[in-house]
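To start, the structure itself, in structure tokens.
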Amino acid sequence: MSGLIAAGVALLGVGFIGSRYGPRIRNSWPKMEKQLQGLIGDSRYKGGFQSDMDKYEAGKILGISSNSSSKRVRDVHKKLMFQNHPDRGGSPYLAAKINEAKDYLEKQSNK
């Protein structure tokens with residue numbers, strides 16, 4: 001019985017604290033989120049595609065090092081095309097960029 005009373009008092013305290021400080025936290029959340037992203041960093045690539053493919057962009061599109069072997073490039077390309085093929089609901093534009101990145105990196109590794 002005393003355990004139930006203690007749990008009720010604890011829930012009452014949490015509710016009181018939440019009602020008192022909840023709006024402050026809610027209003028300051030966007031600012032805290034920006035600060036956390038600045039500390040942690042964002043691993044996603046921000047920005048569109050360049051007009052001409054280069055080694056850096058090709059690596060970013062495939063998610064591998066731009067110095068990867070031809071076999072690694074083919075394996076990653078196959079996986080990405082399986083996920084993003086237009087016949088399976090993927091974007092034709094993204095599929096074209098994935099193909100272009102594969103061709104570029106394979107051409108660079110054969111040199």
Side-chain angles (χ1 to χ4, degrees):
M1 183 71 171
S2 64
L4 289 174
I5 292 173
V9 170
L11 285 174
L12 182 66
V14 167
F16 175 75
I17 291 171
S19 68
R20 177 128 172 101
Y21 295 104
R24 290 183 191 174
I25 293 171
R26 213 172 311 126
N27 292 338
S28 64
W29 180 252
K31 183 178 177 183
M32 289 189 320
E33 189 175 26
K34 281 186 179 181
Q35 290 173 345
L36 286 174
Q37 283 180 349
L39 292 174
I40 297 170
D42 195 359
S43 63
R44 291 177 288 179
Y45 178 65
K46 293 183 179 170
F49 296 113
Q50 299 172 3
S51 60
D52 293 329
M53 181 75 63
D54 65 354
K55 195 174 186 179
Y56 175 75
E57 184 179 35
K60 280 290 203 181
I61 290 170
L62 295 178
I64 58 175
S65 169
S66 56
N67 297 324
S68 297
S69 67
S70 291
K71 182 179 181 342
R72 174 97 171 115
V73 170
R74 283 192 306 270
D75 291 343
V76 170
H77 171 263
K78 183 177 180 179
K79 180 181 174 186
L80 284 174
M81 283 306 293
F82 183 75
Q83 295 170 348
N84 294 297
H85 198 277
D87 291 346
R88 299 181 61 119
S91 166
Y93 182 69
L94 286 179
K97 283 297 187 178
I98 292 169
N99 284 328
E100 184 181 355
K102 178 197 73 121
D103 294 340
Y104 187 87
L105 288 179
E106 279 189 335
K107 185 174 69 173
Q108 292 297 317
S109 66
N110 288 336
K111 284 184 177 181

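- Atom CG in D75 sits 11.5 Å away from atom NZ in K102 (nearest 0.5 Å).
- Distance check: S66 OG to E57 CD gives 12.0 Å after rounding to the nearest 0.5 Å.
- Closest approach of L62 and V76 over heavy atoms only: O-CG1, 3.1 Å.
- Residues M53 and D103 fail the side-chain proximity criterion, which asks for heavy atoms closer than 4.5 Å.
- When all heavy atoms are compared, the tightest approach of A58 to L105 is CB-CG, 3.7 Å.
- Scanning both residues, N67 and K55, for their nearest heavy atoms gives OD1-NZ, 3.0 Å.
- A side chain to side chain contact (heavy atoms under 4.5 Å, CB included) with M81 is found for exactly one of K79, H77, K78, namely H77.
- One finds the CD atom of Q108 at 13.0 Å from the OG atom of S68 (value rounded to the nearest 0.5 Å).
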Taking only distance into account, with no hydrogens and no angle test, what donor-acceptor pairs under 3.5 Å do side-chain atoms of residues 82-97 form with protein atoms, sequence neighbours excluded?
{"unit_1": "N84", "atom_1": "ND2", "unit_2": "L80", "atom_2": "O", "d": "3.1"}
{"unit_1": "H85", "atom_1": "ND1", "unit_2": "D87", "atom_2": "N", "d": "3.0"}
{"unit_1": "S91", "atom_1": "OG", "unit_2": "Y93", "atom_2": "N", "d": "3.3"}
{"unit_1": "S91", "atom_1": "OG", "unit_2": "L94", "atom_2": "N", "d": "3.3"}

